[in-house]
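Order of appearance sets the numbers: ligands from 1, and atoms from 1 within every ligand. Side chains included, hydrogens not; waters and symmetry mates left out as well; all remaining heavy atoms used.
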Amino acid sequence: MTAPARPFEHHGIAFGCDYNPEQWTPDVWDEDIRLMGEAGVDLVAINIFGWSHIEPREGQYDFRALDDILGRLHAAGIRVNLGTGTASPPAWLTRKHPEILPMAEDGTRRYPGGRQAWCPSSPVFRAAALRLVDAVARRYGDHPAVALWHVSNELGCHNALCYCEESATAFRRWLAAKYETLDALNTAWGTAFWSQTYGDWDEILPPRATISTRNPGQSLDFHRFSSDEVLSHYRAEADVLRPLSAAPITTNFMVTAHIENLDYWSWAGETDIIANDHYLDHRLAEPTAELAFAADLSRGLGGGAPWILMEHSTGAVNWQPLNRPKAPGEIIRNSLTHVARGADGVCFFQWRASVQGSEKFHSAMLPHAGTDSAVWREVVELGEIVDRIGELAGTRVEAQAALVFSWESWWATETESRPSQMLGYLDQIHAAYAALHTLGLTVDIVAPGADLSSYELVVVPGLHLIRAEDAAVLTDWIAAGGTAVVTFYTGTVDQDDRVWTGGYTGPLRDALGIRVEEFAPVAAGESLRLSDGSRSAMWSERSRVTTAEVEASFVDGPSAGSPAITRNAWGAGSAWYVATLLEPEAFRGLLGRVAAEAGVRPAAVVRGGDGALEVVRRRGSDASYLFVVNHGDTVAVAEASGFELITGATGAGDIEVPGGAVRIIREEAAT
Ligand code: GLA
Ligand code: GLA
């Protein structure tokens with residue numbers, strides 16, 4: 001990774017929020033800015049949904065309110081993360097140009113009235129948005145309050161996949177650039193199947209709703225195209241900003257449980273700093289582990305560099321089936337978990353809770369109840385903590401292990417026809433990550449093909465789509481002494497979604513020393529017994545080992561007698577394969593054993609506690625900082641020595657972390 005073109009300079013850890021002053025009258029602004037001071041807020045995102053306010057009629061700009069707000073924030077010493085304002089088109093634009101509205105896969109248009117109602121490939125939308133960006137950048141490009149540009153908002157959140165005519169044209173253009181000839185495209189998509197061979201580029205459509213299942217190669221390329229289209233919108237806005245302002249530029253990613261449409265590995269180098277939005281998803285079995293995963297992935301996108309948590313919540317969101325508030329202390333624990341995992345900024349959506357609109361039941365820093373509330377008191381406490389820990393900004397997280405993650409594999413796994421509809425990619429990632437998290441091991445999240453030379457252990461959950469060259473990076477690294485744990489359904493297809501024949505795990509087959517002949521998924525609720533006494537579910541495989549040793553085999557189920565867990569010596573390293581979804585305890589046991597053998601240890605030994613713990617070390621040139629976040633109710637004790645930044649106490653040997661508390665220890669003598 002090259003250094004960002006424009007570093008985001010900030011004193012300490014940034015603390016802030018989205019602020020939507022257009023929802024309030026100026027007397028409220030005064031109170032807001034006073035209370036921001038009380039909470040220690042120093043970075044505020046404004047003008048995110050500003051378009052209809054600053055361009056109320058086409059070409060007529062009205063910047064009075066925005067001038068006023070920027071001036072007030074600046075006078076109060078608060079830095080601005082300035083939205084380009086293009087996130088949601090105004091009504092005059094969609095009325096004049098209904099063709100910019102996105103089209104669903106069934107060919108129906110989506111109306112305005114929500115947000116982000118625009119097609120990423122629409123030249124009309126693009127031109128209107130860039131005119132606005134130009135006007136905003138000319139007016140505020142040199143404004144002393146502007147610390148960062150916030151391009152649009154959560155690009156692609158709702159509109160990543162558009163199936164309209166304009167998108168079809170852009171898709172064909174993208175395909176022609178990729179394949180050059182129709183022959184190459186026909187081969188890549190396997191169009192010989194079901195009489196789908198194309199004789200003219202104009203015959204190709206986006207994968208609109210069909211009467212049967214669609215061509216998976218076409219769907220995979222449509223995903224890639226769509227991610228690139230949205231990225232090209234980001235680039236276009238950034239290109240307008242760059243000559244008009246020296247401030248760094250970013251946009252808020254959605255590395256969060258359910259957003260799959262953007263391949264952020266291909267976006268990562270484009271922003272001056274990685275910024276992420278994260279919301280706890282209470283539909284998941286382990287929301288806290290997913291938070292840690294998302295934070296580690298955000299760090300991975302920046303190649304380990306510090307990043308900004310651009311949004312999270314002080315309590316409930318408004319868009320899950322059941323929207324839970326946070327437990328006492330959870331705002332602080334979650335915020336500091338992100339910091340532990342490399343965030344140099346902690347921001348919330350949003351400052352003051354809306355009283356109208358779809359998000360009126362979404363929590364905020366300043367809740368409907370006002371300042372006499374538990375949420376406000378915790379926000380103020382968090383602000384004080386963030387202030388106290390500023391010295392660790394810029395330090396980097398240490399990890400001995402890595403986990404391979406791929407959006408392409410996610411898309412390819414969750415294609416319409418697969419061996420079992422229960423097979424999801426993210427579930428496998430979460431299961432592996434949760435096991436490592438419970439073991440207290442810090443992992444970096446890396447892309448397939450990433451340099452693995454600094455790791456002792458690499459975990460590869462269900463990497464269904466694998467390119468030969470990425471597989472070679474992994475097997476060479478194992479041969480050089482690495483330890484890998486690969487789980488089922490890995491190495492089934494190549495980059496064109498073409499099956500690797502000769503036994504699954506394809507290009508990993510030799511290194512793993514096993515040939516998988518058939519997949520044998522099992523039904524929900526069915527449990528499989530393994531010869532080592534453990535249990536598993538969802539999946540089994542019929543296979544035989546070539547050179548691997550069998551650590552456990554299936555005792556019952558459709559693959560009875562086949563190996564379930566194997567280990568192969570490959571060069572100087574070892575390659576483990578797990579052909580089933582182990583029960584959490586068994587998965588943890590296995591990964592714990594393999595990690596210990598590979599010499600991978602938690603950042604510190606922590607005893608006691610009755611719930612999840614985060615144990616992470618950030619290291620700088622002068623000092624290292626050990627974070628211990630105790631999500632449980634009872635005290636945990638960390639074997640550490642040094643000055644604790646939150647309490648101001650110095651400890652030697654054992655440092656207590658009470659239930660629900662966080663401790664950040666500046667460790668003596670960098671070890
Ligand atoms: C996203 C958006 C915000 C808001 C929150 C609600 O992060 O960027 O505008 O809608 O979600 O959770
Ligand atoms: C994302 C966004 C939220 C909301 C949800 C809907 O997380 O951040 O604003 O739109 O998706 O699922």
Where ligand 1 meets [X] - atom numbers and elements under 4.0 angstrom, heavy-atom basis:
X	answer
Glu154	1 (C), 2 (C), 7 (O), 8 (O)
Asp277	7 (O), 8 (O)
Trp319	6 (C), 12 (O)
Asn153	2 (C), 8 (O), 9 (O)
Phe49	9 (O)

Within reach of ligand 1, part of [X] (heavy-atom separation under 4.0 Å):
X	value
Met254	neither
Arg115	side chain
His362	side chain

Before accepting this row, confirm whether a basic side-chain N of the pair [X]/[Y] lies closer than 4.0 Å to the acidic partner's carboxylate O.
X	Y	result
Asp344	Arg618	yes
Arg352	Glu31	yes
Arg34	Asp30	no
Asp68	Arg72	yes

Name the orientation class of the two ring planes belonging to [X] and [Y] (parallel below 30°, tilted from 30 to 60°, perpendicular beyond 60°).
X	Y	value
Tyr264	Phe253	parallel
Phe293	Phe405	perpendicular
His362	Phe349	perpendicular

Using the rule given for salt bridge (charged side-chain N to carboxylate O under 4.0 Å, His left out), can you reason through Asp296 versus Arg299, listing the C-alpha separation, both sets of side-chain angles and the distance that settles it, and then say yes or no? CA-CA 5 Å; Asp296 287 344; Arg299 179 178 77 252; 2.7 Å; yes

Contact (N/O only, under 3.5 Å) between Glu359 and ligand 1: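 Yes, at least one N or O pair falls under 3.5 Å.
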
N/O to N/O below 3.5 Å, does that happen between Asn318 and ligand 1?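 N/O-N/O distance under 3.5 Å: no.
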
With respect to atom 2 (C) of ligand 1, which of Gln320, His278, Glu311 exhibits the smallest heavy-atom separation?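 Nearest option to atom 2 (C) of ligand 1, by heavy atoms: Glu311.
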
